[in-house]
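See below for the structure under consideration.
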Amino acid sequence: MNTDEKILLTLQQLLGKIDELNTRLNTMQETTNHLTHEQEIADHELQLIKLAVVNDNFIG
C-alpha cells in the first residue's frame, strides 16, 4: 500500500467517524429539543396552577 492509498484509507476512516459523531449530535439535538418543549409545557402548567391558586384565594 503506497502513501496515497494510506492517506485515502485514513481519510475514509475519519469521514466514517465524523458521520458517526454527526449522527450522535443529531440525536442529542433532538433530545434537547424535546426536553425544551417539555419544560415549556411544565412552565405553562405551573403558571396556570399559580393563577388558579391566586383566583381561589381571591374568591374564597
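Computed from a prediction, not measured in an experiment: that's the story for all the values here.
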The remaining residues in the hydrophobic cluster of V54, counting side-chain heavy-atom contacts under 4.5 Å among Ile, Leu, Val, Met, Phe, Trp and Tyr, are none

For a quick test of your reading: what N or O donor-acceptor pairs under 3.5 Å do the side chains of residues 32-46 make, sequence neighbours left out?
residue: T32; atom: OG1; partner: M28; partner atom: O; Å: 2.9
residue: N33; atom: OD1; partner: Q29; partner atom: NE2; Å: 2.9
residue: N33; atom: ND2; partner: Q29; partner atom: O; Å: 3.4
residue: T36; atom: OG1; partner: T32; partner atom: O; Å: 2.9
residue: Q39; atom: NE2; partner: D43; partner atom: OD1; Å: 2.9

Solution key, residues 3-21 side-chain donor-acceptor pairs under 3.5 Å, sequence neighbours excluded:
residue: E5; atom: OE1; partner: N2; partner atom: N; Å: 3.0
residue: T10; atom: OG1; partner: K6; partner atom: O; Å: 2.9

